[in-house]
J.: 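Pasting a structure here, questions to come.
Quick note: numbers below take in every heavy atom, side chains included, and nothing from hydrogens, waters or symmetry partners. Below, chains carry the letters A, B, ... as their sequence lines are ordered, and counting in each starts from 1.
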2 protein chains.
Amino acid sequence: MDVSKYQQKAELLKTLGHPVRLCIVHGLMHNACNVSGIQECLKLPQSTISQHLGILKARGIIKGERRGVEVKYSVVHDDAIKVVKVLLDDEAPFSTRVKEE
Amino acid sequence: MDVSKYQQKAELLKTLGHPVRLCIVHGLMHNACNVSGIQECLKLPQSTISQHLGILKARGIIKGERRGVEVKYSVVHDDAIKVVKVLLDDEAPFSTRVKEE
DNA sequence: TCATAATATGATAGTACAAGGATATAATAG
DNA sequence: CTATTATATCCTTGTACTATCATATTATGA
C-alpha cells in the first residue's frame, strides 16, 4: 500500500483543516491581498495571521511577493485550489486570480 | 464573514487530514469492508484502526452496519467523498470527475 | 453454558498545534 | 539617520492529537 501518497495528501488536508487557514486560502483565491487585508477581515492579531501564512507558505500552498512595503499573497497549490473549490463551491464571483495595478 | 461555515468545513478537512484516516476513507469508497480488512491492509494494531473508525463515525463521515459478528463500514459524507475523489483521482469508477486543468 | 473472533473503550505518554504578546526585520519617506 | 508601516519570528501556556497496551463488549458457534 502506497503510504507516502496518503501522507502527502493528508498533510495538505490537515493544513487546510483549520478555519483560519481555510478562510485565508478561500479569500486569496478570490483576490490576492496582503496581511492587513486578511487581518481586518478576520479580526485576529497580526501575529496569528502571519503565523498561519507562514505555515501555508512553508507547505507550498501560497506564495508571497513583496511589492514595496507590502507582501501580496496568492494561492499556488493546484490540489489545494481543487479541494477548496469543491468544498466552498460558491461560484467565484469572478475568476479573479489576478493582480491588478 | 461567515466563520461557522469555515469551521465546519475545516473540521472535515482536519478529520481527513491524517494518513490513516484518509487511507481508510479512500479504501472504503472502493469497497466497504470490516476492520480486519483495513487492519491487514495498513498493518497497524486493531485498536488504532478502531479508534480512527470511531472518529470518522463520530463526525458522520462513515457508518457501520453490523452483519453478524462483523461490522461493515462505508462512506456516507458527501463532501468527504468529493474531497477524496478530487485528491486521489485514480480511475474514478464512473465519470464523476470534477473538472481539471 | 463457554470459548472465540470481531470490535470498542479507557488510560497513558509522547508529540504537535494554537493564540497572543513582545520583539525583530524590511522598505520607504523625510 | 529616524520614524513609520507592514510583516515575520520568538516564546510561553494551554490544549488537542496519536499510538499503543490492556481490557471490555458483542455476536456466534460448540
J.: Can you sort out which residues in residues 12-19 of chain A have a heavy atom within less than 4.0 Å of DNA chain C? Ascending by number, please.
T.: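 Only Lys14(A), His18(A) qualify.
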J.: Could you tell me the separation between the CD1 atom of Ile38(A) and the P atom of dA6(D), rounded to a whole number of Å?
T.: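 Taking CD1 of Ile38(A) and P of dA6(D), I get 14 Å after rounding.
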J.: Output, in order, the C-alpha distance, side-chain angles, deciding distance and verdict of side-chain contact (heavy atoms from CB on, under 4.5 Å) for Thr48(B) and Val20(B).
T.: CA-CA 9 Å; Thr48(B) 301; Val20(B) 170; 5.6 Å; no
J.: Please report the distance, rounded to the nearest Å, between NE2 in His52(A) and C1' in dG20(C).
T.: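 Taking atom C1' of dG20(C) as the reference, NE2 of His52(A) is at 11 Å.
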J.: Looking at Glu40(A), I want to see if its CD is surrounded by more than 12 non-hydrogen atoms of other residues, nucleotides or ligands under 6.0 Å.
T.: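 Open: at most 12 neighbouring heavy atoms sit under 6.0 Å from CD of Glu40(A).
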J.: If only side-chain N and O atoms of Arg21(B) are considered, is one of them under 4.0 Å from the OP1 or OP2 phosphate oxygen of dT18(D)?
T.: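 Yes, within the criterion.
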J.: Heavy atoms under 4.0 Å is the rule here; annotate nucleotides 7-14 of chain C 5' to 3' with B where the base is hit, S where only the sugar-phosphate is, and - elsewhere.
T.: BBB-B---
J.: Using the side-chain contact (heavy atoms from CB on, under 4.5 Å) rule, pick out the option among Leu87(A), Val83(A), Val86(A) that qualifies with Lys82(B).
T.: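 Option passing the side-chain contact (heavy atoms from CB on, under 4.5 Å) with Lys82(B): Val86(A).
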J.: What is the distance, rounded to the nearest whole Å, between atom CG of Leu42(A) and atom C1' of dA19(C)?
T.: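 After rounding, the gap between these two atoms is 14 Å.
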J.: Specify the separation, in whole Å, of atom CD of Gln7(A) and atom C1' of dT18(D).
T.: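 So the CD-C1' distance, Gln7(A) to dT18(D), works out to 14 Å.
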J.: Please give, in whole Å, the distance from dT9(D) P to Ile49(A) CD1?
T.: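 So the CD1-P distance, Ile49(A) to dT9(D), works out to 15 Å.
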J.: Evaluate the side-chain proximity of Leu22(B) to Val84(B): yes if any heavy-atom separation is below 4.5 Å, no if none is.
T.: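 Of all side-chain heavy-atom pairs linking Leu22(B) with Val84(B), at least one is under 4.5 Å.
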J.: Could you tell me which non-hydrogen atom of Ala10(A) sits nearest to which non-hydrogen atom of Pro19(B), and how far apart they are?
T.: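 Looks like CB-N, 3.4 Å.
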J.: When you measure from the side chain of Arg21(B) to the backbone N and O of Thr15(B), does any donor-acceptor pair fall under 3.5 Å?
T.: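 It does hold such a pair.
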J.: Evaluate the criterion side-chain contact (heavy atoms from CB on, under 4.5 Å) for residue pair Lys85(B) and Met29(B); output intermediate values, then yes/no.
T.: CA-CA 9 Å; Lys85(B) 264 190 187 142; Met29(B) 278 169 56; 3.7 Å; yes
J.: Does Leu16(B) share a hydrophobic cluster with Leu44(B), counting links as ILVMFWY side-chain heavy atoms below 4.5 Å and allowing steps through other members?
T.: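 Per the 4.5 Å side-chain linkage, Leu16(B) and Leu44(B) are co-clustered.
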J.: From CD1 of Ile55(A) over to C1' of dT9(D), roughly how many Å is that when rounded to an integer?
T.: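 It is 13 Å, rounded to the nearest whole Å.
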J.: Going by the rule salt bridge (Lys or Arg N to Asp or Glu O under 4.0 Å), which residues pair with Lys14(A) if we only count those two or more places apart in sequence or in a different chain?
T.: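 Partners of Lys14(A) under the salt bridge (Lys or Arg N to Asp or Glu O under 4.0 Å) test: none.
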J.: What integer distance in Å separates Leu44(B):CG from dA6(C):P?
T.: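 It works out to 18 Å between those atoms.
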